[in-house]
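As a basis for the values below, the full set of heavy atoms in this structure was taken, side chains included, without hydrogen atoms, waters or symmetry mates. Here is how names work: the chains are called A, B, and so on, in the same order as the sequence lines, proteins then strands, and each is numbered from 1.
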Amino acid sequence: MNDLLWIIPAAPLAGFTALALAGRRLPHAAAATVGVGSVGVSAILSFLIGGLFLLYPPQDHAVIQSLWTWMNVAGFAPAVAFRLDLLSLLMILVITGVGFLIHLYSAEYMRGDEAFSRFFAYMNLFVSMMLILVLADNLALLYLGWEGVGLCSYLLIGFWSDDPANGAAARKAFIVTRVGDTAMAIGLFLLFTQLGTLDIQTMMQRATQQWPAGSGLAVAAAALLLIGALGKSAQLPLQTWLPDAMAGPTPVSALIHAATMVTAGVYLIARTNVLFTLAPVVQSLVAIIGSATLLLAGCSALVQTDIKRVLAYSTISQIGYMFLALGIGAWQAAMFHFMTHAFFKALLFLGAGAVIISLHHEQNMLKMGGLRRQLPVTFWTFLIGACSLSALPFVTAGYYSKDMILHEAWTSGPAGLLPWMAGVAGAFLTGLYCFRMVFIVWFGEAKTGATRAPGWAIHIPLVLLAILSIAGGFIKIPAMLGQVGSDGSVGPVGSEWIFQITALGFPLLGIGLAYTLYMRPRRLAQTRLQRPILDGIRRWWFVGWGFDWLYDRLFVMPFLRIARANRDDAADLIYQGIARLNLALHRALRATQSGQVRWYAAGIALGAAIILGIVVVT
Amino acid sequence: MTGIPPEHAILLAAILFLLGLTGVLVRRNVIFILMSIEVMINAAGLAFIVAGAAWGQPDGQVMFIFILSMAAAEVSVGLALVLRMYHCFKTLDADAASKMRG
Amino acid sequence: MNVIFYISSAVAVFATILVITRTDAVHALLYLVVSLLAMAMVFFTLGAPFAAALEVVIYAGAIVVLLVFVVMMLNQGPVSINQERAWLTPGMWVGPVALSLVLLGELAYVLVGQPASPPVGQSDRSDGSDRSDRSDQSDMSDGSEGLRPQVSSLQPPVSSLPLLQSAIRNPQSAISQSPKAVGLALFGPYVIGVELASLLLLAGLVAAFHLGKHEDTERESASSPVGQFASSPVGQSACRPVNQSASRPVNQSASRPVCQSTSLQPPISSIRNPKSAIPNLFRLSPDSGLQEKDKGGAGK
């Protein structure tokens, strides 16, 4: 069975090829079957292989399937090799599982769109690239998947290319992540030239042998990889692209910008964690960035009016939690939160999508209201997702994962105190903005009526994801009684309950505040919160703390100024100069062909004079 | 007759030749150009005569006769061409025939 | 003799300068005649009486007359004089005069100005006497007398042409070459040259004949088609007999039989197909002077 590992990334790739070549001629039902089916095949295979892996763990807890050598250039010989261990198994289960549900959902969401098969082609390519990313055994193949998902993100954000704003958003996403990708490429160069290999396990072994902890090279390599992760995962300072990426269709936002691609950075750091432990400075930087981002994004989510932008900032914030966990060394906690986040964030996005198409592409929350009677299934699943996001105690998966992170932060010594406080404050903010969204959209009086009831292809994924959002955390219950470390050892238990009370309390505080501000009886938001200073803060948070404005001043405008100054292309002057020189010589030579007989006679006389001169001189 | 220094005679030939060359380069009327060419041919013939006199052989004069006959053929053909040109351009300007086309 | 040489050469140079600076063509031709006569005197002083006579008879008497005929036929008159005056600005002279002065300097240096190598002596004279296949001239018989370079107080700068120098010092060379000697050389070793010269004159005759043809005759004649002139209604024709005596210049006939010049039929049959024999430049077309497309050649 393990020999079939390669089919997991290959099936969606085959789906992409089929749809890219023949998609336009296929009827939409056939295109949907191919698109959804290929991911389904991957999902089934992942579960089978995963199940066998867990039941009969292989040697070294890893399965490696090496297909062929990609290239062999001057000692650089990466192989197309897939590695299945617990980390990548978790990733492929989430990617294929959630991916399958989202593909199924988009079969109905994108119904009637004329570029139906192109959509599924891009989605399949994305899933394939993401699977290559997480299954890659060496960093070169990982980088291939990294770039591939970036490409698909660009293609899918700008999917409705008639509107130039979509294209601009796609370009912004690509360019900002490019900054990270370039840093990551430099990091790969550094790693290869210093350690001689990009095979991840070998590389990390050699790093521990050759680089003492805290050495410059380790710090440099880790920092460069970190910048790459920041770009892909939309953390400070490269987070500006994600809110604008909501211009793409909602399934795209769900799959790429909530569940999978933006977690590629988390995966990268988790995968190369040895490198980060060798550079403690960088690791604490990870935690700091995570903490800052989660607070910043939480505040911004509080004042958004577009339902998808609320969820986008929420994603940034939750990934901040994952980075926080990575920064304090809680690898397991980070991956656990990734899994639960994939469930409830995808659920929330899909629910928002159902609302959006039911209201004929209305995305402004303030025009919605009282929808819980009109879209009941969507309402209940959305509510479950919101509770999970807010980490409602004990019954939701989000609670367990967030609690694990906070616990790790508390128990990791004085360095973890600030992250812990940030995490707790973030939990409060999360509850607040999440239920603000819920109360505005689903409660209150109806402003826009829902005209179209979603079908089974939308409801089934919603229900399944809702179940996962509740039950996904229960695998942690045995661990509540004993903390399981990253290598399986069991630690002390008792102090955990105190902090669980704290972790309980803050989200509930947030939910309560949201209730008082936004629910019908009080509506304090309408009255108390209209002061000028609060208006100013609201506007500042609305534009994402002014990062767009800053980058515009710092980078875009000087670049445009330089481009405008170089309008005539200074580098082209050389070639123009050559051409102009040629023309001048031509003109000069043309003068010698006057056609006048006396001119030619003079030429002969001149030549004779020169030759005689040579004779005379020598 | 005491010998005339051959250098002087050769110099005379050179001077005449260059006068003819100047005439070719300066004048625009084709008749004058032909005249100047005749001057040049004559100067070349003089050079041969000088050489023949220096050797004391008639070969110089023989050469001069050939040059003379060549000049005669050349001037007759040349004048016929001048007539053609005049028919064509209605002018005797040498620069009129400078299109270099066709 | 030397005095006459110098006077004649001065006259020749002066007359030539006048030739190239006149505006009236006939004046220039007359000065040309003067120059040629002076040149004949120079030839005479150099011991070439036959060449002097030929110079007068053929050059001044035929070639210049030919030029006079053409000038008179074209009959440009005051128009051309004004034209020439307009063209002959002083600025026009600068370049050519400078070029000619440079060339004069170089020629003078090469011909006159270098120190001579020591007279080569016997070997040169023996070279001369080795050419015994030539007709024996009495002047050539002795070999060794011209070896000694003669020293005189009025020596000009030593020439770079030692042969020339030694030759002219040779007393024998001061004797002029009689026409008889010339004739013996011409029809002796140089008889091939005579035949070639006659062929050249024939070619000149035919070419002048063909080029000087009148246009009217072409219109009447059916033609062998010529590709690039197919647009003209009448193609060009082979040489046909026409009355051309009025327009044809008189052909010189220094060495040609007289009967050929009066013949109106072209002696060579290949001329009937002009395409193969005569290059494009000399093709004739009826309205050559009036059509724009016929630029680029005198004959077409």
Region of [X] that comes under 4.5 Å of a non-hydrogen atom in chain B:
X        : result
C:Leu107 : side chain
C:Thr23  : backbone
C:Met92  : both
C:Val42  : side chain
C:Leu88  : side chain
C:Leu99  : side chain
C:Ser35  : neither
C:Leu186 : both

Does the side chain of [X] reach to within under 4.5 Å of the side chain of [Y], using non-hydrogen atoms?
X        : Y       : answer
C:Tyr6   : B:His8  : yes
C:Leu103 : B:Phe17 : no
C:Val70  : B:Leu34 : no
C:Trp87  : B:Asp93 : yes
C:Leu104 : B:Ile15 : yes
B:Leu19  : C:Val19 : no

Where does [X] contact chain C at under 4.5 Å (heavy atoms): side chain, backbone, both or neither?
X       : answer
B:Arg28 : both
B:Leu46 : both
B:Glu38 : both

Least distance between heavy atoms, [X] atom then [Y] atom:
X        : Y       : answer
C:Glu55  : B:Phe64 : OE1-CZ, 3.0 Å
C:Ala208 : B:Ser76 : CB-O, 4.1 Å
C:Tyr59  : B:Ala71 : OH-CB, 4.2 Å
C:Leu201 : B:Ser69 : CD2-O, 3.6 Å

What residue, out of [options], has the most heavy-atom pairs lying under 4.5 Å from chain B?
options                                : result
C:Gly193, C:Ala203, C:Gly183, C:Ala207 : C:Gly193
C:Val64, C:Ile17, C:Leu200, C:Ile20    : C:Ile20
C:Val97, C:Leu29, C:Val71              : C:Leu29
C:Thr21, C:Leu32, C:Leu67              : C:Leu67
C:Ala28, C:Gly95, C:Ser178             : C:Ala28

Out of [options], which one racks up the most heavy-atom pairs below 4.5 Å with chain C?
options                            : answer
B:Ile41, B:Leu18, B:Leu12, B:Leu16 : B:Leu18
B:Thr22, B:Leu25, B:Thr91          : B:Thr22
B:Leu21, B:Asn42, B:Val75, B:Ile65 : B:Asn42

Around atom OH of B:Tyr86, are there more than 12 heavy atoms from other residues, nucleotides or ligands closer than 6.0 Å?
yes
Neighbour count above 12 (heavy atom, 6.0 Å) for B:Phe48 CZ:
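Counting other residues, nucleotides and ligands, CZ of B:Phe48 stays at 12 neighbours or fewer.
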How far does [atom1] of [X] sit from [atom2] of [Y], to the nearest 0.5 angstrom?
X        : Y       : atom1 : atom2 : value
C:Tyr190 : B:Phe66 : OH    : CZ    : 8.0 Å
C:Gln177 : B:Asp59 : CD    : CG    : 9.0 Å
C:Leu46  : B:Gln61 : CG    : CD    : 10.0 Å

Take C:Gln83 and B:Asn29 through the side-chain hydrogen bond (donor to acceptor under 3.5 Å, both in side chains) test and state the conclusion after the steps.
CA-CA 9 Å; C:Gln83 211 177 30; B:Asn29 194 330; 5.4 Å; no
